Peer 1: 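Let me give you the structure first, and then I'll get to my questions.
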Amino acid sequence: DSGANHVSCGWFATTDSGRLILSRYVCASVSSGRSVGFADLAVRMPSAGRCVLSLSAGPVSFRIVRIPDLDRRKRGRLIAFEARQAFPWPLAEVAWDHAILGREGGDLNVLLGAARLDMLTGMHAAAVAAGFNPERMEPGAPAMYRCFDYNYPELAGVPCVLVHAGPRELLVMMVGEGSPSLRTASVPAGDSPDEGLPGMGERLHLEIARVLATRRGSGVVRGVFLTGPGTSQPGLGPWLEKRLGLPVDKLDALRRVEVADPTAGSPDLDAPGLVALVGLVAPAGSAAVSLDLTPPLMKRAREARRRR
């Protein structure tokens, strides 16, 4: 996972029944540069090699659009048209992808995601220089959804709110009943996840309330699940519970994940990138939402390797 202030890596296996096992988790700062961070990870992992790389929400732009349910060819042209309108950059300067979130009446709700090619290729090059080989680059929002879906199967189909608060961005996702809703917001320059209550609390409360307002008439929201460095403030959960009138808890990325060596200690719930790492490898289940933002040049090289 490549975040604003960190890079982190997880080494996973599975049991015979398909349960995930976390064999190793390491994290490094990028204060001396992202290349240095990736190199630090590589020497502390059992092996580098092939991987899937998660991108924090900051450099990724998201839009949800609603389109008619047309045949596949017409649908593809319409989605490309919507993408040209949705993003602040020409499509030639970005890697972008889409995912069908669900049907509503005779229409489709479509998630669009894009990130600038110069940022993606630089990140890819830093990972490769350290010995990693990213087979795929995916934004963290869909991975957060899959992590939640894997760890909380009893809440499948139940309306819940997922919140990620990073150093530079907030991401709020409503999942469960109907198509997921997603909202992103930037943390103003000079602000910090450590700004404390009520600063971060007020900001989170506002964005959660906006998402809830778009889903009026849906089923009763069961709870709000928090992740990211901006949600580690002491007392934030009870403060939001009082304001929202809903249960608020940390999203436990290891709730249904075995830790290979418990004596070595498990990462805590605020471990950077842990939610995204679990989501990258978790079975899709009902949260079959995925965006591939691998740059086209790297995609062609990937396909060439698969044909050999």
Side-chain angles (χ1 to χ4, degrees), residues 1-14 20 22-62 87 89-99 113-144 146-147 164 166-169 253 267 271-282 290-308:
D1 175 72
S2 182
N5 298 327
H6 76 274
V7 287
S8 57
C9 188
W11 183 279
F12 291 89
T14 57
L20 290 176
L22 176 60
S23 301
R24 188 79 178 273
Y25 167 85
V26 294
C27 182
S29 168
V30 294
S31 58
S32 298
R34 203 160 296 274
S35 297
V36 175
F38 276 120
D40 187 12
L41 293 185
V43 299
R44 295 160 59 199
M45 292 300 291
S47 171
R50 292 191 301 169
C51 66
V52 181
L53 182 59
S54 169
L55 313 168
S56 66
V60 182
S61 180
F62 296 103
F87 302 124
W89 317 288
L91 292 191
E93 297 179 7
V94 302
W96 70 279
D97 197 9
H98 75 278
R116 289 186 58 87
L117 283 173
D118 52 359
M119 183 276 296
L120 293 171
T121 53
M123 191 176 296
H124 187 278
V128 169
F132 293 100
N133 180 15
E135 289 281 296
R136 181 182 176 90
M137 301 176 75
E138 182 172 335
M144 177 176 68
R146 293 199 302 274
C147 177
H164 173 83
R168 300 174 187 171
E169 76 289 333
L274 185 61
V275 167
L277 293 173
V278 173
L280 289 176
V281 297
S290 180
L291 295 174
D292 185 358
L293 299 187
T294 309
L297 184 63
M298 287 72 177
K299 277 188 179 179
R300 290 194 289 272
R302 179 180 68 193
E303 296 305 316
R305 288 193 299 271
R306 289 176 178 173
R307 288 194 295 268
R308 289 173 188 164

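Treat the numbers as computed from the prediction; the structure is a model and nothing was measured. When a residue number appears, it is its place in the shown sequence, counting from 1.
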Peer 1: For L120, which of P295, P134, P59 qualifies under side chain to side chain contact (heavy atoms under 4.5 Å, CB included)?
Peer 2: P295
Peer 1: Is there a side-chain contact between P296 and L117 (heavy atoms, below 4.5 Å)?
Peer 2: yes
Peer 1: If you measure from NE2 on H124 to CE on M298, what distance do you get to the nearest 0.5 Å?
Peer 2: 4.5 Å
Peer 1: Provide the closest heavy-atom pair for R34 versus V7 in the form atom of the first, atom of the second, distance.
Peer 2: NH1-CG1, 3.9 Å
Peer 1: Nearest 0.5 Å, please: how far is OG in S290 from CG in D97?
Peer 2: 7.5 Å
Peer 1: Within this structure, what is the OG-CG distance for the pair S54 and L280, rounded to the nearest 0.5 Å?
Peer 2: 5.0 Å
Peer 1: Between atom CG of L297 and atom NZ of K299, what is the distance when rounded to the nearest 0.5 Å?
Peer 2: 12.0 Å
Peer 1: When you look at F12 and V278, which way does the side chain to side chain contact (heavy atoms under 4.5 Å, CB included) test go after all the steps?
Peer 2: CA-CA 9 Å; F12 291 89; V278 173; 4.0 Å; yes
Peer 1: Indicate the atoms forming the closest heavy-atom contact of A143 with E138, along with that distance.
Peer 2: N-OE2, 4.2 Å
Peer 1: CG of L55 to CG of D1: how many Å apart, nearest 0.5 Å?
Peer 2: 8.0 Å
Peer 1: Should the ring pair F87 and W89 be called parallel, tilted or perpendicular, given that the plane angle runs from 0 to 90° and is split at 30 and 60?
Peer 2: parallel
Peer 1: Of the non-hydrogen atoms in C9 and M45, which two are nearest, and what is the gap between them?
Peer 2: SG-CE, 3.7 Å
Peer 1: Minimum heavy-atom separation for T294 to R136, with atom names?
Peer 2: OG1-CA, 3.3 Å
Peer 1: Answer yes or no: is there a side-chain heavy-atom contact under 4.5 Å between L41 and F132?
Peer 2: yes
Peer 1: What is the minimum heavy-atom distance between Y25 and P272, and which atoms define it?
Peer 2: OH-O, 2.7 Å
Peer 1: Identify the heavy atoms of C27 and R44 that sit nearest to each other, and give their distance.
Peer 2: O-NH1, 2.9 Å
Peer 1: To the nearest 0.5 Å, what is the distance between CE (M137) and CG (D292)?
Peer 2: 9.5 Å
Peer 1: Using atom types as modelled and distance alone, determine if a side-chain donor or acceptor of S35 lies under 3.5 Å from a backbone N or O of A126.
Peer 2: no
Peer 1: Taking the side chain as every heavy atom from C-beta outward, state whether T14 and L20 have any pair of such atoms under 4.5 Å apart.
Peer 2: yes
